[in-house]
Every structure is written in structure tokens, then in C-alpha cells.
Amino acid sequence: MSQKLTRAEWEAKARALDLHTQAFIDGAYVDAASGKTFDCISPIDGLSRGRVAECEAEDVERAVRAARRAFESGAWSESSPAHRKRTLQKFALLIEKHAEELALLESIDMGKPVGDALAIDVSASVRCLNWTAEAIDKVYGEIAPTPQHELGLITREPLGVVGAIVPWNFPLLMAAWKFAPALATGNSVILKPSEKSPLSAIRIAELAMEAGIPAGVFNVLPGFGKGAGEPLALHMDVDGLVFTGSTGVGKHLLQCAGRSNMKRAYMECGGKSPNVVFADAPDLQAAAEAAAIGIFFNQGEVCTAASRLLVERSIKDEFVAMVVEAGKYLHPKHPFEPGAPMGAIVDEGQMNRVLDYIEKGKAEGARLALGGERVMTETGGYYVAPTVFDEVAHEMTISKEEIFGPVLSVIAFDDEKDAVRIANDTDYGLAAGVWTSNLSKAHRVAKKLRAGSVWVNYWDGGDMTAPFGGFKQSGNGRDKSLHAFEKYTELKATWINLRS
Ligand code: NAD
């Protein structure tokens, strides 16, 4: 029903929004200790929507103290799994109840189509919370196969205080992938949203309280990476650090963990994912449309964006023409426009970064087959046309570096071996796709691709039931599924002597 709202109706809702802009510490909205704030500029039109609390070390200190106190009190950490399940289910219900408002916040903050925010970001966040909550009272410990006179109990315990630093491309969903399993396993959480998209995280803090999560167990610190993220990563009383963001920052945070208290540190980072299309793909038209959506969905600001399209040389020209045709229908529109296929790029800096990569592609000799420019400039917002580069050499910058924008690089390959070599010749290993009708080839190639997720004859499959994360410099640890619990718990072996 909500997806059918008109642009005017979304605009009216946006005008009526009462934005929360403070930090949330120990169960209350508060200003940053310094009183500092930063501008919240919407990429839809380049206009400010207000000023947000800019947290720094002193606020991190306050939040860690509150989180530790809450953890030690046992009100949440020692409550029964059934209680935590019910509370998180209430939290999920409240998010669902406020779905339109949260979708609007995402769209205003980072520019994605509000219809996508509603149908994907908010609904997947609700599913993530519900699935995780539902699982928590069904996960058992183990008993070791010990000799008769001993009992070996293997149990999982919460880490304690967990810092979660998340990006702006799916602000609520990336946060939910962290806080749902962290809270479900009994931890206290300090969430640091991206400075580019803090609004939904701030808003859900009070929903968490309303659901019954005790004060201090869920805290939100808006602020910048250096000012708020780094003190959290270096804090001696934070037990776990989970991160989604760029590989550069992820590597830095691993060092912060090592330089401080060796807190458990799990990083979900960037990608440059290969989408490998063989001439015997079952349906070339479907493969071309999936290739276009795989790179242009969410303005290309997706860690698993299908940014490298590897096509068997014999069908390359025909296939690129089909991808270009599909791409023409995915031009950005105002994010409140029903059915907008793309919205705005998150901010001016990111837009310029994308445009710089486009210039590099041209300068290094790739052939621009579609797009390549900023559009909708009259709106004051930051929009880039869907862009396709053909005849990309594997060594070019646009083939190597993560652009995080709507820019596709097409590379031709000669045979299976060549395809696997090019696909794996990257620092990243987040996702990959294979298109072929040959079952053995599909299995052979899927096995050889060094990536955390491999899709055969489609792109971007996924569910809470399966783990998500990367090989190589795309990260460590996994979000989603029961495997996510591993990041938020310590494994304990308790030995009991049964000899009388
Ligand atoms: P980013 O690394 O710039 O920022 C991510 C978060 O880290 C933000 O909250 C930021 O404030 C914080 N941060 C930045 N510098 C910091 C520092 N020195 N200390 C502590 N915190 C710091 O990434 P981004 O631009 O927000 O997001 C885009 C990146 O995220 C892309 O590389 C994308 O591939 C990646 N991503 C990965 C996944 C995944 O699951 N693997 C999912 C989504 C996005």
C-alpha cells in the first residue's frame, strides 16, 4: 500500500517529519558534551535538513560507562533468551509500525528511492530483527565427549560492550545486521552511524526503549569517523568492535583493536565483484537486465555491486548492447517519485569521486557506451547517469578500484580459465556471479571464485538464513544467519570433576 504513495504525498509526509537529531545515551536523548553539531544535508536537493549532535571522545566515554553499567546489572545480559526474544520482536514491530517514517529518513538522508527504502531497507531490517530474535531461544550449548568422571560444558557468553560502526548506503539495514545479533546474545551496544546518514539510527533508539530494552543497552552516537568512531575503536572497555565500511577504514580499525585491548574486531568491507557471463547463459536478455540492475540499484552504492562485467568474447558486443539498452531505463529520478529506479548519490564529495573515476576511465582508453555525466543539476541535488564503459582493460583504474557509484566496467574473456583468472585478480572477495547453462561449468567456476557469496544465473540472492561476508580484503567474520552469533559471543569450556 505505502509504495503507491504519490510524490506529493511523500513530500507532505517529509514536511511533517519531526527530526530527532541528538545522541541517545543511557536511555535519553542528549546533546554532544561539547554542544557541537554538524549539518545534515539532503542529497536530494543539496539543502540542509537540520543540525545533528557531533559526538566525540567525551560522549563515547559516557556511552561506554552507561553500556558497561547496563551490562553488569544483568537486566538485559542475564535476562532469559525468551525475554530477549519477545523484546526484540516488539522492537521489530515498532520499526514496522514506523516503516514509512524510517524509509523517508533514509531517502532524505542518503538519497535512495523512498520506495526501495520501504520495500528493502526497512522490511529487511524488520526481518533481520525477527529472524534473529526467533533464533535466540533455540540455540543450545554443547557437552563435550568426556571420560565418565568429567563433564565438559561448552557455552557461549556475550562479549559485553559492543561498538558498531556502520556506513551510509543501507543505514538502517547495515546497523540491524550488527545490533540484532549483538542484542539477542545479551550485549550492550553503542551504534555509531555514518555522519552522512545518522537520522534512522537516532530515531530507532527510542523505539528500542519503547520495546523494553533497558537504558544503557542500546546507545547511538552520531558523529564523524575520527571524532566518534576512533575513540570507540580505541576504548579499553569496549569488548567487541563490528564494522561495515571501506577496506581502508576497516584495516585501520583492526590496528585500533591491536593498539588497545585486543577487542574482538570484525570488518565487513568493500568489493569489486565480478559478474561472469558465458555465451551459454540460459537467457541472455535476463542476464543483461540483471547485470544492469546489479550495478545501478541503489545508485551503485552497494558493497556487492556487480561492478565488473566479464563477458565471453564471442557474445560481448551483442551483450553490451543489451546491457546499455536496459541501463537506459534506470535513469535517476526524484527519490519520492513512485518507481524511481535510482535516486541521488549520497553527497557532493561522493558524486565528484564518481565523476573523477569516469574521467579516469575515459583518459585510460575505455569506451564510454552509456551515461558518463551528472544529471538533474537543476534540482541542486547530486545525481549521476547510469554509466557503462566497454573495452575496459583489466589493468585500468576503473576495473581495479571500488567506485561505489553507477559505473560498470565491461571486460571480455576468452575461456573459463581466463574468466576465473580475471575474476579473482582483485584485492576484494565479497561476491561474484556466474551465468551458464552448463551445470558442471557452473559448479566448477563457483568453486574457484574467491568470494563470500556466489550467485549462479542471478545476482544478489540472499536471506537471513545464510551468512554474508567477504574473502580477502572484503573483510572477516560474517553477518546474518546463526554464524553471526559467533562474533558477539565468547566460547567457554567449563569442566566439572564428577569423582566422589
Ligand atoms: P567508510 O569506511 O568511509 O565509513 C564507514 C563508517 O566508518 C562511518 O560510520 C564512518 O564515520 C566511520 N569511520 C570513518 N573513518 C573512521 C576512523 N578513522 N575511525 C573510526 N571510524 C571511522 O565507508 P562508507 O563510505 O560509509 O561506506 C562505503 C563502504 O562501505 C564501501 O567500501 C562499501 O563497499 C562498504 N560496505 C561494505 C558492506 C559489506 O557488508 N561488506 C556493506 C555496505 C557497505
Side-chain angles (χ1 to χ4, degrees), residues 38 43 52 54-57 60 109-110 112 120-121 124 128 163-178 190-198 200-201 220-235 238 241-257 259-260 263 265-273 295 297-307 345-347 349-351 353-354 401-405 426-431 451-453 460 462 467-480 484 487:
F38 62 94
V52 175
E54 183 180 339
C55 293
E56 290 174 322
V60 170
D109 228 2
M110 59 69 68
K112 73 172 66 201
I120 298 165
D121 298 58
C128 170
I165 302 179
V166 296
W168 47 262
N169 61 338
F170 294 89
L172 184 59
L173 184 58
M174 293 303 100
W177 284 5
K178 311 294 187 202
I190 299 169
L191 174 63
K192 208 297 278 170
S194 168
E195 59 278 16
K196 299 178 186 182
S197 60
S200 56
V220 178
L221 297 183
F224 291 87
K226 271 261 167 252
E230 202 152 314
L232 193 59
L234 286 168
H235 204 288
V238 170
L241 180 67
V242 288
F243 168 80
T244 297
S246 60
T247 292
V249 174
K251 285 180 175 179
H252 177 66
L253 294 183
L254 287 174
Q255 290 178 343
C256 290
R259 273 167 49 207
S260 53
K263 52 180 67 65
Y266 297 101
M267 308 290 130
E268 295 291 340
C269 298
K272 190 75 188 176
S273 299
I295 180 65
F297 165 64
N298 211 47
Q299 307 74 242
E301 298 161 331
V302 184
C303 53
T304 54
S307 52
I345 301 287
V346 68
D347 65 8
Q350 180 66 12
M351 178 188 69
R353 189 166 171 264
V354 172
E401 296 181 12
E402 185 183 43
I403 298 174
F404 224 55
T426 166
D427 291 338
Y428 298 108
L430 195 55
S453 297
D460 218 10
F468 178 87
F471 284 23
K472 300 197 270 182
Q473 293 184 38
S474 287
N476 62 340
R478 293 293 181 270
D479 285 329
K480 302 164 87 179
K487 299 201 293 194

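Numbering of ligands and ligand atoms starts at 1, following listing order.
Proximity of V302 to ligand 1, defined as any heavy-atom pair under 4.0 Å, is not found for any part of the residue. No part of T304 comes within 4.0 Å of ligand 1, judged by heavy-atom distances. Only side-chain heavy atoms of M174 come within less than 4.0 Å of ligand 1; its backbone N, CA, C and O stay farther off. Contacts of H252 with ligand 1, taken as heavy-atom pairs under 4.0 Å, involve the side chain alone. Heavy atoms of C269 found under 4.0 angstrom from ligand 1 belong exclusively to the backbone. With a 4.0 Å heavy-atom cut-off, ligand 1 is reached by no atom of D479. The side chain of E402, and not its backbone, has at least one atom closer than 4.0 Å to an atom of ligand 1 (non-hydrogen atoms only; side chain from C-beta on).
Counting atoms of ligand 1 from 1 in the listed order, those under 4.0 Å from a heavy atom of G229 are 20 (C), 21 (N). Interface atoms of ligand 1 facing T244, defined by a heavy-atom separation under 4.0 Å, are 5 (C), 36 (N), 37 (C), 38 (C), 39 (C), 40 (O), 42 (C), 43 (C), 44 (C). Under a 4.0 Å criterion applied to the non-hydrogen atoms of V249, ligand 1 contributes the atoms 2 (O), 13 (N), 14 (C), 15 (N), 16 (C), 22 (C). Proximity to L253 (heavy-atom distance under 4.0 Å) selects the following atoms of ligand 1: 19 (N), 20 (C). Taking every heavy atom of L430 and a limit of under 4.0 angstrom, the matching atoms of ligand 1 come to 41 (N).
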- request: Please test E402 against Y428 for side-chain contact (heavy atoms from CB on, under 4.5 Å), starting from the C-alpha separation and ending with a verdict.
  value: CA-CA 9 Å; E402 185 183 43; Y428 298 108; 4.0 Å; yes
field: side-chain contact (heavy atoms from CB on, under 4.5 Å) between Y266 and L241, intermediate numbers included
entry: CA-CA 6 Å; Y266 297 101; L241 180 67; over 6 Å; no
- prompt: Between E268 and M174, does a side-chain contact (heavy atoms from CB on, under 4.5 Å) hold up when you go through it step by step?
  reply: CA-CA 10 Å; E268 295 291 340; M174 293 303 100; over 6 Å; no
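N169 places a side-chain heavy atom less than 4.5 Å from the side chain of N298. Here the side chains of F471 and L430 are not in contact, with every heavy-atom distance at 4.5 Å or above. Taking the side chain as every heavy atom from C-beta outward, Q299 and K112 approach each other to under 4.5 Å. Looking at V52 and P198, their side chains come closer than 4.5 Å, going by heavy atoms from C-beta outward. Between K196 and D109 there is no side-chain heavy-atom pair separated by less than 4.5 Å. No side-chain heavy atom of V60 sits less than 4.5 Å from a side-chain heavy atom of C55.
Contact annotation: P193 has at least one heavy atom less than 4.0 Å from an atom of ligand 1. Judged by the shortest distance from any of its heavy atoms, F170 lies outside the 4.0 Å radius around the atoms of ligand 1.
Distance alone, capped at 3.5 Å, is enough to place a donor-acceptor pair between the N476 side chain and the M267 backbone. Not a single donor-acceptor pair under 3.5 Å links the side chain of S273 to the backbone N or O of A306. Checked by atom type and distance alone, the side chain of K272 never pairs as donor or acceptor with a backbone atom of G429 at under 3.5 Å.
Counting protein heavy atoms only, atom 19 (N) of ligand 1 is closest to G225 O, 3.4 Å. Of the protein's non-hydrogen atoms, W168 NE1, 3.3 Å is the one closest to atom 24 (P) of ligand 1. Scanning the protein for heavy atoms near atom 44 (C) of ligand 1, the closest one is N169 ND2, 3.4 Å. Nearest non-hydrogen protein atom to atom 33 (C) of ligand 1 is F404 CE1, 3.2 Å. Remark: minimum distance from atom 2 (O) of ligand 1 to any protein heavy atom is reached at S246 OG, 2.6 Å. For atom 39 (C) of ligand 1, the closest non-hydrogen atom on the protein side is C303 SG, 3.4 Å. Closest to atom 35 (C) of ligand 1 among all protein heavy atoms lies G245 O, 3.2 Å. Nearest to atom 27 (O) of ligand 1 among the protein's heavy atoms is P167 CB, 3.4 Å.
For atom 4 (O) of ligand 1, the protein comes within 4.0 Å by no heavy atom at all.
Between S474 and ligand 1, no N or O atom pair is found at a separation short of 3.5 Å. Considering backbone and side-chain N/O atoms, V166 comes within less than 3.5 Å of an N/O atom of ligand 1. Some N or O of E195 is nearer than 3.5 Å to an N or O of ligand 1, by distance alone.
Remark: aromatic rings of W177 and F468 are close, center separation under 6.0 Å. Centroid-to-centroid, the aromatic rings of F38 and F224 come within less than 6.0 Å.
Side-chain contact of K251 with Q473: a donor-acceptor pair under 3.5 Å is present, judged by distance alone.
Using a 4.0 Å cut-off between charged side-chain N and carboxylate O, D479 and K178 make a salt bridge.
The closest heavy-atom contact to atom 18 (N) of ligand 1, among the options E230, K192, M110, comes from E230.
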